[in-house]
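Here the structure is laid out as structure tokens; the discussion comes afterwards.
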Amino acid sequence: MPSLLQFFTFATFGTAQTLISQLHNQSNANFNSTPAYKQALLATVNTTFHAKTCNDCDDILRVLKSVAELGEAPFAELSIAFCNAAHEGDPDVCAGLETLEAPSVSWALRQMVIPSQTAQVFCEALYGLCPQPAILDYTVPFPKPKPAKKHTWPPTSGLESLKVVHISDMHVDHSYTIGSSYNCSKSICCRSYNASFAAGSELAKLYPAEPFGEYYCDTPVDLEEAQYSGVAEFARNRAFTISTGDMVEGFTWGTSDTEIEYDISDIYHRMRKSLGLVFPAIGNHDANPVNSFPLPELKTSYNNTYDYNLDAQLWQPWIGSAAAAQVRAHSGMYSTTYTSPSTGSCLRIISINTMFWEGVNWWIYNTTMPRDPAGVLAFLVSQLQLAEDNDERAWIIGHIPPGRPDALYDYSAYLDQVVERYEGTIAAMFWGHTHRDQFEISYADYMNQTAAGARMVGFIAPSLTPTSGNPNFRVYSVDPITFSIQDYTVYTANLSTPDYHTLGPKWEEYYSFKAAYGPLLDPPYTDAHAELTPAFMHNVTMLFENSDTVFQQYYDRKQRGWTPQGYGPCEGSCKTNEICQLRSAQSQYACLAPSAAMKKRDGEVEGGFVARVQSECSQSRMVGVLHGMAGSLDVVKQKLEVLRKG
């Protein structure tokens with residue numbers, strides 16, 4: 001996440017910049033007096049080895065694997081040194097994150113055969129050095145063949161719509177401190193990390209954190225409670241709420257199991273008190289360490305059993321005891337039903353753990369990467385088959401959208417097989433993670449994307465946390481029989497209004513999707529009961545393609561009405577890639593993958609390493625550390641020899 005220092009143009013900018021630079025230098029003082037190999041590392045990071053090919057990446061992995069085979073502690077020590085040398089974060093950030101992440105990264109390297117399919121996936125996803133490996137052939141097992149009748153989108157019922165709220169990525173920070181500095185050298189501010197950032201400090205006097213949140217800070221509890229009030233105001237008669245993960249704040253370098261348990265417990269207790277019926281999904285921040293979700297069959301001391309047990313306990317009042325047992329047994333996943341009181345129609349809600357396809361969940365990179373890690377697809381298929389057999393519609397909810405670049409290609413493609421098989425049962429899919437107001441479309445043929453070939457929509461909700469824009473939540477209008485989405489309205493609270501902190505957040509309607517784009521189509525699409533079908537959503541992307549004015553309106557809404565200084569409009573390749581992303585529910589077709597743009601025709605890479613799977617929400621410092629090690633391979637080799645000699 002960009003530092004506030006990159007964007008502010010206040011008269012005091014120079015003063016604040018000097019202060020923070022001094023603080024960073026002072027905190028590095030001890031590091032700069034460490035042994036000679038670290039001094040050499042400081043001088044040579046990213047300068048001694050210029051990798052360009054997949055073979056170069058294999059050489060990198062062989063060296064890193066040799067370090068990892070010496071044990072977790074030596075690998076963590078070297079990771080911390082490189083993190084500091086590359087200024088990936090303040091020393092406390094480096095020490096915390098590398099200590100937390102190094103065990104899983106070193107485990108992955110120890111399992112890896114080089115060269116291999118796993119190594120190639122790792123090199124493409126984390127370094128951008130190897131070409132995109134072919135998706136491994138795998139046919140998802142289905143208990144029954146797809147019904148012979150041709151799938152058609154169910155007709156609308158014409159009955160009064162249900163209202164369903166979608167919240168995501170709340171990132172509630174229980175250590176948010178009013179009066180502390182909202183300008184700091186960390187990825188999130190408004191915390192009393194030390195005396196320099198605490199209330200009353202020179203920086204805090206310049207940039208004091210107010211009660212209801214700041215743009216470079218995660219969500220204070222006061223803002224969390226304000227969101228619940230906004231939901232009560234604008235969706236009083238809601239049927240239920242879906243929550244697509246990431247309850248916990250971005251203090252990723254200092255988390256502990258105890259803190260995760262406290263944060264999640266407090267948030268869900270407040271949610272149950274204020275929102276009534278909620279169907280949750282787990283996010284990549286809702287575990288310790290962040291992104292760490294070991295496969296259940298791995299024999300490791302690191303596991304998420306405590307997390308799944310806690311979620312089962314907290315979610316049981318909403319999802320029932322049978323579904324809570326599934327959470328414990330199936331790595332945080334469950335299936336339950338909601339019955340419409342007005343029609344008696346039944347909706348099956350299936351919550352899946354998407355972190356088993358996340359590229360920075362290091363536990364995925366086993367010697368042979370499983371085709372269905374943690375049985376996510378098997379569980380999903382079993383529950384969709386149950387829905388089909390019972391003539392139910394189904395919603396799939398989860399955290400990471402399968403079309404995003406940080407979803408590994410194979411698993412995203414396999415999920416699309418499931419969508420194609422059960423397209424007559426699945427009414428919609430719902431995701432979070434990006435912090436942006438988006439959607440993505442599944443197609444029968446991604447090489448020939450048409451309205452007729454569009455088959456499913458994934459709705460990606462904007463976040464509450466102000467770190468990436470104004471606080472938002474969505475309210476869907478839902479057909480009470482088909483459970484298809486008829487429209488959604490986004491509600492926002494603008495942090496920039498003069499009375500935001502004195503009177504509290506004022507929630508207001510930001511826009512209605514159908515009202516914003518439906519009238520602009522030919523013919524207009526404005527019937528309140530008409531559903532947001534995949535074909536309609538495709539036609540909206542055509543509207544974006546053909547009208548730059550409409551696209552820029554979409555892009556501003558996507559950014560939640562706030563763009564940091566220094567970021568201009570989305571034009572040229574930015575616009576092309578954004579529309580391409582909307583038309584991809586498979587990550588292999590997502591045009592936002594940076595590695596594709598960095599590669600020359602001969603397969604070499606220009607301009608350094610690029611990590612396709614790194615995202616704003618993943619917050620993995622190990623990616624930058626792995627890049628630093630690869631760029632200074634001679635230094636790593638020297639340290640390896642020192643370690644081997646004891």
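Note that this is a predicted model, so its numbers are computed, not measured.
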Handout entry: Asp416 and Tyr446 side chains, donor-acceptor separation under 3.5 Å
Key = yes
Practice task
Using only heavy-atom distances, determine whether the side chains of Thr482 and Glu531 contain a donor-acceptor pair under 3.5 Å.
Solution key: yes
Completion exercise
salt bridge (Lys or Arg N to Asp or Glu O under 4.0 Å) filter on Glu358, not counting sequence neighbours, yields none
Problem - Donor-acceptor contact present, side-chain Gln438 to main-chain Thr434, <3.5 Å - result: no
Problem - Tyr476 and Arg474: side chain donor to acceptor below 3.5 Å - result: yes
Problem - Modelled atom types, side-chain donor and acceptor of Ser573 and Thr576, under 3.5 Å - result: no
Handout entry: Set of side chain to side chain contact (heavy atoms under 4.5 Å, CB included) partners for Glu392, sequence neighbours left out
Key = Thr337, Cys346, Arg348, Ala387, Asn390
Completion exercise
Looking only at heavy atoms, the pair that brings Lys163 and Ser477 closest together is NZ-OG, 2.7 Å
Problem - Flag for Asp169-Thr465: side-chain donor and acceptor within less than 3.5 Å - result: no
Handout entry: Under 3.5 Å donor-acceptor, Glu210 side chain and His501 backbone
Key = no
Practice task
Could you tell me whether a side-chain N or O of Tyr338 sits under 3.5 Å from a main-chain N or O of Phe279, the two making a donor and an acceptor?
Solution key: no
Problem - Distance-only side-chain donor-acceptor flag, Asp479 / Ser484, under 3.5 Å - result: no
Practice task
Could you verify whether a donor N or O on one side chain and an acceptor N or O on the other, from Ser463 and Arg436, lie under 3.5 Å apart?
Solution key: no
Handout entry: Atom pair CD/CE of Glu249 and Met247 - distance to nearest 0.5 Å
Key = 12.0 Å
Problem - Asp527/Lys514 salt bridge by N-O under 4.0 Å criterion - result: no
Handout entry: Aromatic ring proximity, centroids under 6.0 angstrom, Phe240 and Trp395
Key = yes
Handout entry: Minimum-distance pair of heavy atoms, taken over all atoms of Pro534 and Arg455
Key = CG-C, 3.5 Å
Practice task
Work out which heavy atom in Thr177 is nearest to a heavy atom in Arg191; give both atom names and the distance.
Solution key: OG1-CA, 4.4 Å
Practice task
Tell me, please, which residues at least two apart from Tyr414 pass side-chain hydrogen bond (donor to acceptor under 3.5 Å, both in side chains).
Solution key: Arg371, Asp410
Practice task
Output yes when a side-chain donor or acceptor of Ser412 lies under 3.5 Å from a complementary backbone atom of Tyr409, and no otherwise.
Solution key: no
Practice task
Assess the side chains of Arg560 and Ser468: does a donor N or O sit below 3.5 Å from an acceptor N or O?
Solution key: yes
Exercise for the section: Please determine, by modelled atom types, if Ser547 and Thr549 share a side-chain donor-acceptor pair under 3.5 angstrom. Expected result: no
Exercise for the section: Taking only Lys NZ, Arg NE, NH1 and NH2, and the carboxylate oxygens of Asp or Glu, determine whether Asp406 and Arg612 approach each other closer than 4.0 Å. Expected result: no
Exercise for the section: Decide, based on the SG atoms alone, whether Cys591 and Cys580 are under 2.5 Å apart. Expected result: yes
Practice task
Check salt bridge (Lys or Arg N to Asp or Glu O under 4.0 Å) between Glu545 and all other residues, then give those that pass, not counting sequence neighbours.
Solution key: Arg583
Practice task
Establish, for the pair Arg393 and Phe483, whether the NZ or CZ atom is under 6.0 angstrom from the six-membered ring centre and no further than 45 degrees off its axis.
Solution key: no
Handout entry: Test side chain to side chain contact (heavy atoms under 4.5 Å, CB included) applied to Thr354 - qualifying residues, sequence neighbours left out
Key = Ile352, Trp357, His399, Ile400, Trp431
Problem - Gln581 side chain to Gly403 backbone, donor-acceptor under 3.5 Å - result: yes
Practice task
Provide the full list of salt bridge (charged side-chain N to carboxylate O under 4.0 Å, His left out) pairs with a residue in residues 490-507, sequence neighbours left out, each pair given once.
Solution key: none
Handout entry: Asp286: side-chain hydrogen bond (donor to acceptor under 3.5 Å, both in side chains) partners, not counting sequence neighbours
Key = none
Problem - Thr156: side-chain hydrogen bond (donor to acceptor under 3.5 Å, both in side chains) partners, not counting sequence neighbours - result: none
Exercise for the section: Would you confirm whether Gln552, through its side chain, and Cys570, through its main-chain N or O, come within 3.5 Å as a donor-acceptor pair? Expected result: yes
Fill in the blank from the handout: side chain to side chain contact (heavy atoms under 4.5 Å, CB included) filter on Pro220, not counting sequence neighbours, yields Tyr176, Leu223
Handout entry: Pairs satisfying salt bridge (charged side-chain N to carboxylate O under 4.0 Å, His left out), at least one member in residues 224-237, at least two apart
Key = Glu225-Arg270
Practice task
Identify the heavy atoms of Ala493 and Asn470 that sit nearest to each other, and give their distance.
Solution key: O-CB, 3.5 Å
Handout entry: Output field: ring centroids Phe473/His166 closer than 6.0 Å
Key = no
Practice task
For residues Asn291 and Ser620, report the shortest heavy-atom separation together with the two atoms involved.
Solution key: ND2-CB, 4.1 Å
Problem - Exercise: do Tyr268 and Ser243 side chains pair donor with acceptor under 3.5 Å - result: no
Handout entry: Qualifying residues under side-chain hydrogen bond (donor to acceptor under 3.5 Å, both in side chains), relative to Tyr411, sequence neighbours excluded
Key = none
Practice task
Give, for atom CD1 of Ile267 and atom NE2 of His171, the distance between the pair rounded to the nearest 0.5 Å.
Solution key: 10.0 Å
Problem - Smallest separation among heavy atoms of Gly250 and Ser187, with atom names - result: O-OG, 4.0 Å
Problem - side chain to side chain contact (heavy atoms under 4.5 Å, CB included) against Asn546, all qualifying residues, sequence neighbours excluded - result: Met542
Exercise for the section: Compute the centroid of each ring, for Tyr215 and then for Trp562, and state whether the two points are separated by less than 6.0 Å. Expected result: yes
Practice task
Would you mind telling me which of Phe544, Phe439, Tyr488 makes a ring-ring contact (aromatic ring centres under 6.0 Å, His included) with Tyr517?
Solution key: Phe544
Exercise for the section: Would you check if the distance from the ring center of Tyr127 to the ring center of Phe609 is below 6.0 Å? Expected result: yes
